[in-house]
Amino acid sequence: MQSDPIITSDDILGRDAVDPEGEFLGIVMKLHVDRSQKTLVGITIDQGFMKPDLFIGIDYIEKFGVDAVFLNRIPFEKYIGLMVYASDGRVVGTVEKVRADGGSIQTIEVRWKRGEAETSSEIPARAIEEIGTSVILKKGFYTKKIESD
Amino acid sequence: MIHLTEDPRPETGHFWSLFLRPIVSRTGHPAGRIIDIELRGAELRSFLLFYRFRLIRLPANMVANLNDLQKKSALLLKDEPYYTLLGRIVYDAEGKRLGRVKHLYQIDHTNEFESFLVKKGIFSRTRLIEREKIQVSKKGILLGP
């Protein structure tokens, strides 16, 4: 099957969707086909219970594997809800929004508690040491408080 | 601009201030909780961690922020501990799902491992994979060709 260049919807639907970090994102549930061009334009991934479906354009698909569809780009939506730690291990908050431009993260919006109130702060990408299962910030960062509309 | 100030006074505490403190790896992966410490004289040698129903001994020199620990802050590691690979899904180069990591063969008592066992299901056979075959191991494990 792997040598055959033609595959069917059976070979794609129900397969795992895996990002470049090796993380399992969900199951491929739908194929999107352009009616006029008669080409595959994307897939929809079911991320699980209570999570929204994720549409992935065909340009972001690296290859169709035996049991998995590999992506060539990390969907930044998966960073929402991650815990954010300062360089000394303190919990800063959780990621609420990710702002990206051209495939790279520009800023992340972090929701954190200040006393009894909750507030949001914007952290630039240069302040981020590592993003993985959580976000670890570099030492001595500054955040810009987001003014509510 | 808001500056999150760091308390210049590191936390001075006792065993119970470290008990059940979370440990986070370099990539932010949860790496367990402290349930015991090992001292040799006055020197802190290692931590005993509870991680996924296993007891893991972690050398204290792997912790990056031990000297400037704040109250209620997590312990951050300098590197990715090898045992956090347990349970991760493994895919080969052709996209075939091989299973989950069941066991790692540690090299002596270091943070390195030479190979690992992967198993797909209860009745499937266990597969031994060499460490050199790993291409990506950040969230899941992707093997090279």
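Below, chain A is the first sequence line, B the second, and so on; all start at residue 1. Just so you know, these numbers use all the heavy atoms, side chains as well, and skip hydrogens, waters and symmetry mates.
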Tell me which donor-acceptor pairs under 3.5 Å the side chains of residues 116-128 of chain B have, and how far apart each pair is, sequence neighbours excluded?
{"unit_1": "B/K119", "atom_1": "NZ", "unit_2": "B/I122", "atom_2": "O", "d": "3.4"}
{"unit_1": "B/K120", "atom_1": "NZ", "unit_2": "B/R97", "atom_2": "O", "d": "3.4"}
{"unit_1": "B/S124", "atom_1": "OG", "unit_2": "B/K120", "atom_2": "N", "d": "3.2"}
{"unit_1": "B/S124", "atom_1": "OG", "unit_2": "B/G121", "atom_2": "N", "d": "2.7"}
{"unit_1": "B/S124", "atom_1": "OG", "unit_2": "B/G121", "atom_2": "O", "d": "2.9"}

Candidate pair B/K138 and A/E130, rule salt bridge (Lys or Arg N to Asp or Glu O under 4.0 Å), full reasoning: CA-CA 11 Å; B/K138 202 163 180 188; A/E130 191 80 43; 3.6 Å; yes
Proximity of residues 67-84 of chain A to chain B, residues having a non-hydrogen atom under 4.5 angstrom: A/D67, A/A68, A/F70, A/K78
Chain A contacts, top residue of B/V24, B/I141, B/D92, B/V90 (heavy-atom pairs, under 4.5 Å): B/V24
Contact summary for B/G28 and A/S134, nearest pair of heavy atoms: O-OG, 2.6 Å
Under the ring pair (Phe, Tyr, Trp, His ring centres under 6.0 Å) test, residues paired with B/F113 that sit two or more places apart: none
Sequence neighbours left out, cut at 3.5 Å: what donor-acceptor pairs do the side chains of residues 31-39 of chain A make with other protein atoms?
{"unit_1": "A/H32", "atom_1": "NE2", "unit_2": "A/T44", "atom_2": "OG1", "d": "2.5"}
{"unit_1": "A/D34", "atom_1": "OD1", "unit_2": "A/S36", "atom_2": "N", "d": "2.9"}
{"unit_1": "A/D34", "atom_1": "OD1", "unit_2": "A/S36", "atom_2": "OG", "d": "2.8"}
{"unit_1": "A/D34", "atom_1": "OD1", "unit_2": "A/Q37", "atom_2": "N", "d": "2.9"}

Carboxylate-amine/guanidinium contact B/E80 B/R88, below 4.0 Å: yes
